Amino acid sequence: MPELPEVETTRRGIEPWLLGARVDAVAVRERRLRWPVTARLARDLSGRSVESLERRAKYLLMTAGDGTLIMHLGMSGSLRVLEAPRPPGPHDHVDLVLSNGRMLRFNDPRRFGAMLWTRRDPMRHPLLRHLGPEPLGAEFDGDHLWRLSRGRRAAVKTFIMDGRVVVGVGNIYASEALFRSGIDPRRAAGRVSRRRYGVLADSIREVLAAAIKRGGTTLQDFTGGDGQPGYFAQELNVYGREGDACRSCGGPIRQTVLGQRSTFFCQRCQR
DNA sequence: CCCGATTCCTGTAGGC
DNA sequence: TGCCTACAGGAATCGG
């Protein structure tokens, strides 16, 4: 599924084909995404040229003319640039026909994704305005986590997955970062020390940066082949490894549920 | 404000 | 082998 690294990989992969291109036509075959695709989307976009493609959290922001298309891949969405128009397959919900002969195609089997047009400053959009800092940006560090967590009784894993705290930490990377930093995911966020939040912030950055490198693999078959295989599975230390031996101490990896999400950890290495 | 539960959806893993 | 159910997950939103 698209985590922050894959969204960033998508952005880098499609940006060169979009910048400067004019949107000549829009085909919407399925409007029922996370929020309905408006009937006016084609009119809003057509005739406008793409000026930028940026990422904020897991949102992609395509600015064209007087507005911005806010896109989210949800859990199963993908964006591809096709070299030439091709008949749509299952779950190919939206196409943007570009003036350079290419086509941007949005595919999303589970339809948790989104495509919203806004003429306002996208950063002020209700979906974006309360988002926390980018984990790879300068404002994110251990002190930020520590300050926000004082008095909070929710589990530290739930806390770092809250987009108002820090964006882009999905279920997989939350478990992985907590393992790397030796923190029990069930521990109350307010009971993690300032020092340990420093380690955790570093771990979050490291695990996401490593995953962006792996995203480069996906980049290669971007315009051509199929989607993302499980190429990061082999680097995972705890996620999906319940009952397997901890790579550090040999003890069993345990699974529990926090915030309705499966959570993996090593009882011996994480306190 | 804070926090846990619910909701959207469909491909697929697992059980029988 | 095949069917059926449970589960997976991002994140908004609801309810307490």
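Quick note on labels: first sequence line is chain A, next is B, and so on, each numbered from 1. Please read these numbers as outputs of a predicted model, since none were measured by experiment.
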Has A:R187 got a side-chain atom pairing as donor or acceptor with A:R191's backbone, closer than 3.5 angstrom?
yes
At under 4.0 Å, does any side-chain N or O of A:R111 touch on OP1 or OP2 of B:dT10?
yes
Could you list all N or O pairs between the protein and nucleotides 11-14 of chain C that sit under 3.5 Å apart?
| from | atom 1 | to | atom 2 | distance (Å) |
| --- | --- | --- | --- | --- |
| C:dA11 | OP1 | A:H72 | NE2 | 2.6 |
| C:dA11 | N6 | A:R261 | NH2 | 2.9 |
| C:dA12 | OP1 | A:Y59 | OH | 2.9 |
| C:dA12 | O4' | A:R34 | NH2 | 2.8 |

Side chains of A:R55 and A:L60, heavy atoms from C-beta outward: is any pair under 4.5 Å?
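A side-chain contact exists here, since the closest heavy-atom pair is under 4.5 Å.
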Would the number of heavy atoms belonging to other residues, nucleotides or ligands and lying under 6.0 Å from CZ of A:R153 be above 12?
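Counting neighbours around CZ of A:R153, 12 or fewer heavy atoms of other residues, nucleotides or ligands fall under 6.0 Å, so no.
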Is it the case that atom CZ in A:R195 sees more than 12 heavy atoms from other parts of the structure closer than 6.0 Å?
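Result for CZ/A:R195: open.
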Please determine, for the side chain of A:Q260, which listed nucleotide (C:dG10, B:dC3, B:dT6) has the closest atom?
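Nucleotide nearest to A:Q260's side chain: B:dT6.
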Fit a plane to each ring of A:H93 and A:F106, take the angle between them on a 0 to 90° scale, and name the class: parallel (under 30°), tilted (30 to 60°) or perpendicular (over 60°).
tilted
State whether a side-chain donor-acceptor pair under 3.5 Å links A:T68 with A:T63.
yes
Can you work out whether A:F112 or A:R153 has the more 5'-proximal nearest nucleotide on DNA chain B?
A:R153
Using whole Å, report how far NZ of A:K157 lies from P of B:dG4.
12 Å
What is the separation between atom CZ on A:F106 and atom C1' on B:dC9, rounded to the nearest whole Å?
12 Å
